[in-house]
Every structure is written in C-alpha cells, then in structure tokens.
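None of these values were measured; they are calculated from a predicted model. We use all heavy atoms of the structure for the numbers below, so side chains are in, but hydrogens, waters and symmetry mates are not. Within every chain, numbering begins at 1; the chains are lettered A, B, ... in the order of the sequence lines, protein sequences first and strands thereafter.
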Number of protein chains: 2
Amino acid sequence: MSDEQETRRGIPDATVARLPVYLRTLSVLADAGVATVSSEELACAAGVNSAKLRKDLSHLGSYGVRGVGYDVEYLIYQVGRELGLTQDWPVAIVGIGNLGHALAGYAGFATRGFRVVALFDVDPSVVGRVVGGLLVRPLGELEQVVRSEPIAIGVVATPAGPAQGVCDRLVACGVRSVLNFAPCVLTVPDGVDVRKVDLSTELQILAYHEQRKALRRIVQQGDDAPRARVGGVAQ
Amino acid sequence: MSDEQETRRGIPDATVARLPVYLRTLSVLADAGVATVSSEELACAAGVNSAKLRKDLSHLGSYGVRGVGYDVEYLIYQVGRELGLTQDWPVAIVGIGNLGHALAGYAGFATRGFRVVALFDVDPSVVGRVVGGLLVRPLGELEQVVRSEPIAIGVVATPAGPAQGVCDRLVACGVRSVLNFAPCVLTVPDGVDVRKVDLSTELQILAYHEQRKALRRIVQQGDDAPRARVGGVAQ
DNA sequence: ACGACTTTGTGCGTTCGTTCACAAGTGCCT
DNA sequence: AGGCACTTGTGAACGAACGCACAAAGTCGT
Ligand SMILES: NC(=O)c1ccc[n+]([C@@H]2O[C@H](COP(=O)([O-])OP(=O)(O)OC[C@H]3O[C@@H](n4cnc5c(N)ncnc54)[C@H](O)[C@@H]3O)[C@@H](O)[C@H]2O)c1
Ligand SMILES: NC(=O)c1ccc[n+]([C@@H]2O[C@H](COP(=O)([O-])OP(=O)(O)OC[C@H]3O[C@@H](n4cnc5c(N)ncnc54)[C@H](O)[C@@H]3O)[C@@H](O)[C@H]2O)c1
C-alpha cells in the first residue's frame, strides 16, 4: 500500500472516528510524564483492541519502534496533524439557548484548535448579550460575518424547525462542515459534511439494551424487582 | 428467521442505532397527518437507503403491507415498543455545570419516556438550587436516592477527573446504563452499557474531512475549474 | 374475478471493519 | 557479536453491514 494511495484514498472512517480518542489518551499520558507507550498499553487506556490500534496508526505511517513502542509526544503530533489540528478552525454557533450557552462557554473547544468566533440567535432577549466572552449577534448578520471571518465549521443548536434553514444559509456562505444538535435530518449538497449529536437517540439505544437486560433477567430468574415502572406511553 | 430467534438474539446494533431516527421521522409524519408511508418515502425523510430501512424494520416483524406501505401510527407503536419506550425510564444526572443545566432543562427528555428524577453536584453554590424544576442534591445523597428511586440510566456530566469515580458509584447502586459526556473512557463491569457523547471528537472528525477537502482543492487548482463549485445535488 | 401495478421482505454478492497470528525489526544483556 | 525478549506492522480469515435486484404478496380499477 503506497503512501500515495493512502493520501488519495484517505483513512477508513472507523479509524478517523477513533483517532480523537487516541489523541486524548495520549495527552493524558504525556501529562503524566510518560515518554513512550506500547500499543497494548495505549489500546487498554483507550478501550480498544491492540491490533486495531496498531492497524489504525499504521494508516498514518510507521511511527512506532519495534521492541519499544510509540513515542508519546511524536505520536500526539502525528495524530494531531492527520486530524488537521495544527490549523486553527474558526467555529460559529447558531442558536444560543440552553445548549448553545453550554457550547459557547465550553473550554474544551479552544484546547484543540477550535476557536468559537461568532454566536447567532433570533431571540431579541439573547441577542446583544455576551456569552462566553462573545457577543451574540442577530441572525441577520450571519452572511456578513461568516463571509468576513472564514468560518470553517457551523454548529446548529436551534430547535429542529429552523435547523434546515439555518444550515442552508451556512452552506450558502461557504461552510462545508456542520455539527447538528437539532433532532432532525439535515440535507446538504455534495461536498458538505454533517455530523449529528443526538442525545435522545443515545438514550433510546440505552433503553433498548436496558429493556433487553431486564427481559433476560426475568426469563432467567422469574422474580426480580423491576428497575423501571411500567407507565404511560410518551408519544 | 423465527420470531423466537429474533427475540433471543436481538437486533443488529446498526439497526438499533437507526430506530430512533425512524421513530422521530415517523412522529413528524404523524403530526402532519400522514396515515401510511412507503419505505421509499420514509427512507428518504430519514436519510437512509430504502432497502436498509426495510431490512431494519423486518427485524421487528412484518408490519408493512405490500403494495401499500406502513401504517404510521402502528409503526410508531412497534418501534417504540422495541426500543423500550413504553416504559418510563428514571434518569439521574450527575454534574450540574453548564452542560448539566442544559440537560436538566431539556424538554426532549420527557417526550420520549425519559424522566429526570434526580440531580447531583458537589459544588456548594449549585447544591440546593432548583434547576429545571428539580432540586440539586449533594453527591453524598447519591446512594440513598438512586436506591430509593429505581434509577435506570445515569448521566455523567462532570469533568473527566471525577467521572470514573461517579460512574463506579452509580454502578454500585445498580445502575446498568450510563451516558457519559466527560471526555474520558469509562470502565465498567460486564452487563453495564456505556455510551459516550463527545463533542470534541465530532469536531475533530469534521476537521479531518475539512482538511482533506482543502487539500484536494489545492491539488486541483491548476486543472479545470468546473469541479470547484459545490454542486446542488439533491439527496 | 382478474390483471396491472405497487411495495414489501429477503437472498446474495460486495464492501467495510475487526481480530488473530506471526514474521520482521529493535534494544538489551551477556 | 550473538542470543533473547519484546513490539510493531500486516497478511489473512472472519464477521458485520450494505445495497441491488427480484419474487412474493398485496391493492385497486374495471
Ligand atoms: N438542551 C439539551 O440538553 C439538548 C439536548 C439534546 C438536543 N438538544 C437540541 O438542541 C437544540 C437546542 O436546544 P436548547 O435546549 O438549547 O433549546 P433552546 O430553546 O433553549 O434554545 C434554542 C435557541 O435557538 C434560538 N433560535 C430559534 N430559532 C432560531 C433561528 N432560526 N436562528 C437562530 N436561532 C434560533 C432560540 O432563540 C433559542 O435561543 C434543540 O434542537 C434541542 O432539541 C438540546
Ligand atoms: N459544556 C459543553 O459544551 C461540553 C461539551 C462537551 C463535553 N463537555 C464535557 O461535559 C462535562 C461537563 O461540562 P460542563 O461544561 O458542564 O463543565 P462544568 O465545569 O460547567 O460543570 C461540571 C460540574 O460538575 C460538578 N462536579 C465536579 N466534580 C464532581 C463530582 N465528583 N461529582 C459531582 N459533580 C461534580 C462541578 O461542580 C460542576 O458543576 C465535562 O467533562 C466537559 O468536558 C462539555
């Protein structure tokens, strides 16, 4: 497998999704003063299989040393570079409600090359206020601001209703990466990436497994105190 | 495949992860007064392939009618039942900071069978306050409350440092499903499910693709221009 | 009653991802 | 220098998931 292939084809999605986990784990190790780490140790700390970790890292190049392991600092640099974290990515957040407030004030953004540079909302009682050190602007200024600041990533934290419209406006201004918190499917043109963070979905997946575990327990033992009350159906 | 097999073996993970999306899409259709829907229509609205949708739904049983489609209300009931949403799942949130506030006040919880029944924090300036209609309790009361209320799902919204400790205490009280917002890997015994919501990871994945798109654009800059524009392909 | 039409449910080939197992490479110790 | 202990990187087998394509099964109009 040539380097050119790797560059052209890109890294498998499943691997890309795990790189941030490795990066965070490596940072913890670095802070603890660890200089080198084996795939076994790192995999354990990251909660994955060690063969998978080695294969993942092999997509970036041969940065390990056989018989020794990986140099923590060097690997942090390489993973960060692959993820594009050596650049500074300007982020705009639209919808400064409960969630938007939390996002705007989140320190975890800045520590990894992401910089929140603009906040937007339509609510007159929110517009003009300062949240997380930034002024909340009226939605009408979106086009102007997004075009002057080179916004790379748009975060949609509005209710589901206006989400598609907001997304369309972001895309029209050249934003090609969107992080969506609204519980709806966003349709975008080719070349634009959307990722969805959906709390309800996560809870429902947990509920499925929880129900399954409860069911199995009943089948096996016949008598066990249920942890959930059977109640009214909520839509 | 027999129904018993299906019940015993469970539904593929990939399918379970999509069921909530179908459910939400169906709810929107129901609110719009749509009585029946074809797999093609529903798949389009949910943003998936129609064959995939049919295969997903086939795991629940044969609830469609050939030549017609699926009855919206009936399918909502069946999907909800499979996900365990006919039950009421008591939820506890630990860590009522920026994010915890947003979660505690989130209406989307209640509408889907999840009921936040307890909030915990260690910060004296937060403990005792009422957030989202609920009293924030000191962490010391966790064991007592989680055992008296039959908490099914624990949400960890503390910083990464105390997250594992909080998780351990929840698990020790019988909680077998945990939703983790802290940027760290939680280790739990067998039989306990953990799902992680990680904003930084999502942003980093977007950054990877963004960098890739920028790179490709540079490579192609000398060549023909037509590819540069973002096309309006409907999907 | 019947045929044309619509749509589901699924068998099957393909692609993608995971895991095993080991050869090849590296450092250390004698 | 040479053997030994350790670890990486990867070929290969396996398994999960996807999507095409189509037969079976139903509806609807006449
Ligand atoms: N709060 C949570 O814990 C949580 C969890 C999961 C998902 N969500 C989702 O995240 C989104 C935001 O949640 P929230 O709790 O912050 O809701 P919210 O109602 O508190 O905030 C929404 C904000 O968006 C603003 N807004 C409305 N229309 C807008 C528009 N067209 N352009 C710009 N801003 C607009 C509103 O003025 C408001 O400030 C919702 O879609 C919600 O379903 C929230
Ligand atoms: N705010 C965001 O947008 C955001 C986004 C992604 C991830 N996160 C993560 O979610 C977590 C919470 O974020 P936040 O912004 O709300 O942070 P925060 O500092 O505002 O809130 C943390 C809360 O946890 C409480 N806490 C600390 N130790 C505790 C313990 N042992 N037991 C119970 N409570 C404890 C603190 O008193 C505080 O109220 C963090 O791990 C953060 O990295 C936050």
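- Residues passing the side chain to side chain donor-acceptor pair (under 3.5 Å) test with B:Thr25, sequence neighbours excluded: none.
- Atom CG of A:Leu42 is separated from atom OH of A:Tyr22 by 8.0 Å, given to the nearest 0.5 angstrom.
- Annotation for B:Ser39 and B:Tyr70: closest pair CB-CE1, 4.0 Å, computed over non-hydrogen atoms.
- Residue-to-nucleotide contacts include a donor-acceptor pair under 3.5 Å from the side chain of B:Lys55 to the base of D:dG19.
- Judged as a salt bridge (Lys or Arg N to Asp or Glu O under 4.0 Å), the pairs with a partner in residues 19-37 of chain A (not counting sequence neighbours) are, in order, A:Arg24-B:Asp198.
- The side chain to side chain donor-acceptor pair (under 3.5 Å) search around B:Gln211 returns none, not counting sequence neighbours.
- Near-neighbour residues of DNA chain C inside residues 35-51 of chain A, defined by a heavy atom below 4.0 Å, number-ordered: A:Asn49, A:Ala51.
- Side-chain proximity of B:Arg54 to the nucleotides C:dT8, D:dG19, D:dC18 is greatest for C:dT8.
- Note that the CG atom of B:Leu215 and the NE2 atom of B:His209 stand 14.0 Å from one another [nearest 0.5 Å].
- Taking only side-chain atoms of B:Lys52, from C-beta outward, the nucleotide of D:dT10, D:dC22, D:dG19 with the closest atom is D:dG19.
- In this structure, CG of A:Leu53 is placed 16 Å from P of C:dG17, rounded to the nearest angstrom.
- Between A:Tyr70 and D:dG9 there is a side-chain polar atom (N or O) within less than 4.0 angstrom of OP1 or OP2.
- Sequence neighbours left out, the pairs with a member in residues 56-79 of chain A that pass salt bridge (Lys or Arg N to Asp or Glu O under 4.0 Å) are A:Arg18-A:Asp56.
- Put simply, CG on B:Asp13 is 10 Å from P on D:dA16, counting in whole angstrom units.
- For B:Leu75 and C:dT8, the CG to P distance is 11 Å, given to the nearest whole Å.
- Taken from CZ in A:Phe181 to CG in B:Leu199, the straight-line distance is 4.5 Å, to the nearest 0.5 Å.
- Looking at heavy-atom distances under 4.0 Å, B:Ser62 makes contact with sugar-phosphate atoms alone, never a base.
- For the atom pair CH2 of A:Trp89 and CZ of A:Arg115, the computed distance is 12.5 Å after rounding to the nearest 0.5 Å.
- Looking at DNA chain C, the stems built from 3 or more consecutive Watson-Crick or G-U wobble pairs, each pair with its key distances under 3.5 Å, are C:1-30 with D:1-30.
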A:Ile151/A:Val91 under side-chain contact (heavy atoms from CB on, under 4.5 Å): CA gap, chis, key distance, verdict: CA-CA 6 Å; A:Ile151 301 289; A:Val91 174; over 6 Å; no

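- Between the CD1 atom of B:Ile11 and the C1' atom of D:dA17 there is a distance of 15 Å, rounded to whole Å.
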Provide a list of protein-nucleic acid N or O atom pairs under 3.5 angstrom, restricted to nucleotides 26-30 of chain C.
| from | atom 1 | to | atom 2 | distance (Å) |
| --- | --- | --- | --- | --- |
| C:dT26 | O4' | A:Arg66 | O | 3.1 |

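- Contacts with DNA chain D (heavy atom under 4.0 Å) in residues 21-29 of chain A: none are found.
- No side-chain donor-acceptor contact under 3.5 Å links B:Arg81 and B:Thr86.
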Verdict with reasoning, A:Val155 to A:Leu103, per side-chain contact (heavy atoms from CB on, under 4.5 Å): CA-CA 9 Å; A:Val155 176; A:Leu103 296 176; 3.9 Å; yes

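- Applying the salt bridge (Lys or Arg N to Asp or Glu O under 4.0 Å) test to every pair with at least one member in residues 158-168 of chain A, sequence neighbours left out, gives no pairs at all.
- Applying the side chain to side chain donor-acceptor pair (under 3.5 Å) test to A:Asn180 and every residue at least two apart in sequence or in another chain returns nothing.
- Closest approach of B:Lys213 to A:Val192, counting heavy atoms only: NZ-CA, 4.2 Å.
- One atom, CG of A:Asp71, and another, P of D:dT7, lie 16 Å apart when rounded to the nearest Å.
- Applying the ring-ring contact (aromatic ring centres under 6.0 Å, His included) criterion to A:Tyr63, with sequence neighbours excluded, gives A:Tyr74.
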When you compare the protein's N or O atoms with those of nucleotides 1-4 of chain C, which come within less than 3.5 Å of each other, and at what distance?
none

